[in-house]
Structures are given as C-alpha cells and as structure tokens.
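Heads up: the structure comes next, in structure tokens.
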Protein chains: 2
Amino acid sequence: MLEQADVGELEMIRGTRAVLSLLAGKWNVPVLYLLASGTRRYSEVLYEVGEISKKTLTQTLRGLERDGLIARRVIPEVPARVEYSLTSLGWSITGPLMAMYEWAEQHLPDDVAHSDRLAA
Amino acid sequence: MLEQADVGELEMIRGTRAVLSLLAGKWNVPVLYLLASGTRRYSEVLYEVGEISKKTLTQTLRGLERDGLIARRVIPEVPARVEYSLTSLGWSITGPLMAMYEWAEQHLPDDVAHSDRLAA
DNA sequence: CCGTATCCCCCTTGATACTG
DNA sequence: CAGTATCAAGGGGGATACGG
C-alpha cells in the first residue's frame with residue numbers, strides 16, 4: 001500500500017500542470033496579452049510583442065493555435081495577410097492569468113527580485 | 001513612436017511570467033501540493049512525490065525555498081532529519097493554483113489531450 | 001539520512017539565410 | 001508578407017556514484 005496522498009491530489013496536479021504547459025513557452029503569455037488587446041497580423045505581432053525571431057514566433061503561434069487558444073485566419077489578398085485573434089477558450093484563460101498577476105502584485109515586492117530567471 | 005500596447009500590459013506580462021517562473025519546474029507543483037497536505041521529511045517527499053531523482057528533488061526544494069514558498073527545517077537528531085513545509089507565501093499561491101485547476105476542469109475535456117508535452 | 005558531483009541527453013530559443 | 005531550413009548554444013532533468 002502506497003502512502004501517496006489521495007487521488008484528488010493527482011488530478012489537481014494533472015490539471016494544474018496542463019494549464020502551466022499551455023502557458024509555458026517564453027512568448028505564450030506576451031502573445032496572449034497582445035491578442036487580448038485586439039486582432040493582429042503576423043507582422044504586427046512580430047513587431048509589437050518584443051524581440052522575437054520569426055521562427056520562434058511561428059512556433060509560438062502554431063502551439064497556441066493547436067491548443068485552441070488563438071485562431072489563425074488567412075485573408076486572400078495580394079500579398080496574402082494572416083490575422084491572429086483569441087478564441088473564446090483563449091479569452092477564458094485570461095481568468096487564471098489575472099489570478100497570477102494579482103497574486104504577483106500582492107506578494108512580489110514590486111521589483112520582482114526573482115526576475116533573474118526571466119532576465120532576457 | 002512605438003505602437004506598443006499600453007504600459008499596464010507590460011506589467012501584467014512581468015507579473016504573470018514571474019508567477020509562472022515560480023511554478024515552472026517539472027516538480028514544483030507536485031511538491032507544493034504534497035506539502036499542502038502536510039509537512040514532510042526529505043525522504044518522504046522523495047518517495048511520495050513520484051519518480052524523481054535525489055538531485056532533481058534537492059534542486060526543486062532549494063528553488064522553492066529560495067523563492068520563499070517552502071521552509072526547510074533541520075532537526076538535530078542522530079541521524080539528522082530535515083523537514084519541509086509550506087510558508088504563508090506558499091499557502092497563498094495555492095489560490096492561483098486552484099484557479100488553474102478549476103479552469104482545467106471546466107475547459108479541458110477530461111483526458112487532457114495536451115499531455116503529450118507532460119508525458120514523462 | 002540527506003544530500004553533492006559528474007556526465008549526458010533533449011528541448012527550447014536564437015541567428016541567419018532562403019522561399020512561395 | 002508570412003513563413004521554412006539549418007546550425008548552434010544554453011539550461012533542465014535524469015542516471016549513477018560518492019560524501020558528511
């Protein structure tokens with residue numbers, strides 16, 4: 001008989017880490033917040049989200065799209081343009097996102113000393 | 001003039017990603033949930049948290065301690081024993097953790113198909 | 001019992017160049 | 001404009017062995 005804590009705990013770990021994996025990429029959160037302020041074209045995201053390579057941006061967008069958080073829409077023009085926007089699932093995850101931000105505001109002494117691990 | 005979204009957005013990204021970085025390690029969440037169910041000794045965590053190497057466990061515990069989420073206490077016995085427990089900061093972060101778990105329950109179709117990225 | 005020290009592998013990110 | 005291809009670098013995590 002294992003002394004493991006109850007089963008509910010395993011489910012909570014699973015669920016929590018699933019959400020974390022959706023947000024895990026270095027650029028996932030910045031892209032989500034950007035698209036939360038409005039639909040953008042690929043080149044707009046590239047320019048506005050920060051110092052990101054095109055390869056990494058494409059990877060990030062594909063991942064978020066695969067996970068259902070953002071939608072990709074190709075507008076047939078010449079030259080073609082591609083627009084990205086949040087899906088309803090993407091909008092819904094701003095809930096947990098805000099919970100994290102508010103926790104950070106209340107508990108992390110402003111300068112967020114821990115940012116050693118975030119420092120670009 | 002940059003067309004960057006407003007400054008508040010940058011702060012939200014910073015705060016959110018700071019929290020994410022606190023929870024980022026593969027074993028951080030499992031350890032936090034385990035300690036939320038009670039104080040444990042090193043060897044108990046090692047056994048109960050899952051298939052983890054001692055090196056990785058020590059790394060995980062040190063990181064959480066450095067970030068102020070857990071407390072390490074050495075009890076002078078022979079042989080010595082070490083106990084780990086949540087700090088009040090550690091308890092407070094269960095709020096965002098629950099927000100994520102609840103979101104997962106409502107929006108991730110049970111089998112959490114995305115777990116490809118979590119599969120050990 | 002509670003760790004450290006090495007070595008290794010994989011995955012993510014970035015830089016750069018090329019294409020429909 | 002919106003990507004893809006390739007190469008290289010860095011860090012996290014695991015296996016194993018050793019130390020106080």
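A, B, ... follow the sequence lines: proteins, then strands. Residue 1 opens every chain.
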Listed pairs, N/O of protein and of nucleotides 18-20 of chain D, under 3.5 Å:
none

So, OP1 or OP2 of D:dT4: does either fall under 4.0 Å of a side-chain N or O from A:Y42?
no
Would you kindly give the CD-to-C1' distance between A:E51 and C:dG14, to the nearest whole Å?
11 Å
Regarding the side chain of A:R72, the nearest nucleotide among D:dG14, D:dA2, C:dG14 is D:dA2
Check the distance between D:dG12's P and B:R62's CZ and give it to me in whole angstrom.
16 Å
Less than 3.5 Å apart, which donor and acceptor atoms pair up between the side chains of residues 70-78 of chain A and the rest of the protein, not counting sequence neighbours?
unit_1, atom_1, unit_2, atom_2, d
A:R72, NE, A:Y84, OH, 3.3

Could you say whether B:T58 or B:R41 is positioned toward the 5' end of DNA chain C, judged by the nucleotide with the nearest heavy atom to each?
B:R41
So B:Y101 and A:I13, do their side chains get closer than 4.5 Å, heavy atoms only?
no
Base, sugar-phosphate alone, or nothing: which one does A:Q59 contact when heavy atoms must sit under 4.0 Å apart?
base
Hey, are the side chains of A:V45 and A:L35 touching, using non-hydrogen atoms and a 4.5 Å cut-off?
yes
If the sugar-phosphate is the primed atoms plus P, OP1 and OP2 and the base is the rest, what is the B/S/- string for nucleotides 5-10 of chain C, using protein heavy atoms under 4.0 Å?
BBB---
Distance check: side-chain N/O of A:Y84 vs OP1/OP2 of D:dG3, anything under 4.0 Å?
yes
Below the 4.0 Å mark, does C:dT13 have OP1 or OP2 next to a side-chain nitrogen or oxygen of A:T56?
no
What is the separation between atom CG on B:L46 and atom C1' on C:dC1, rounded to the nearest whole Å?
11 Å
Please state how far atom CG in A:L61 lies from atom C1' in D:dC1, giving the value in whole angstrom units.
14 Å
Only one of A:L34, A:L64, A:I52, A:L61 clears side-chain contact (heavy atoms from CB on, under 4.5 Å) with A:W27; which?
A:I52
Backbone N/O of A:G90 and side chain of A:T87: donor-acceptor pair under 3.5 Å
yes
To the nearest 0.5 angstrom, please state how far the CE atom of A:M98 sits from the OG1 atom of B:T16.
7.5 Å
On DNA chain D, more 5' by nearest nucleotide between A:S43 and B:T60 is A:S43
Given atom OH of A:Y47 and atom P of D:dG3, what is their separation to the nearest angstrom?
20 Å
Between B:L86 and B:I93, does a side chain to side chain contact (heavy atoms under 4.5 Å, CB included) hold up when you go through it step by step?
CA-CA 10 Å; B:L86 288 193; B:I93 210 172; over 6 Å; no
Stepwise side chain to side chain contact (heavy atoms under 4.5 Å, CB included) check, A:L32 with A:L23:
CA-CA 9 Å; A:L32 288 174; A:L23 306 173; 3.7 Å; yes
Within this structure, what is the NZ-to-P distance between A:K26 and D:dG11, rounded to whole angstrom?
11 Å
At less than 4.0 Å, is any side-chain N or O atom of B:R73 found next to OP1 or OP2 of C:dC2? Yes or no.
no
Looking at B:Y42 and B:L57, would you say the former's side chain and the latter's main chain have a donor-acceptor pair under 3.5 Å?
no
So B:W103 and B:L108, side chain to side chain contact (heavy atoms under 4.5 Å, CB included) or not? Walk me through it.
CA-CA 8 Å; B:W103 184 91; B:L108 298 183; 3.9 Å; yes
Could you state the atom-to-atom distance from CD of B:E44 to P of C:dG3 in whole Å?
13 Å
Rounded to whole Å, CD1 of B:I52 lies from P of C:dC2 at a distance of 15 Å
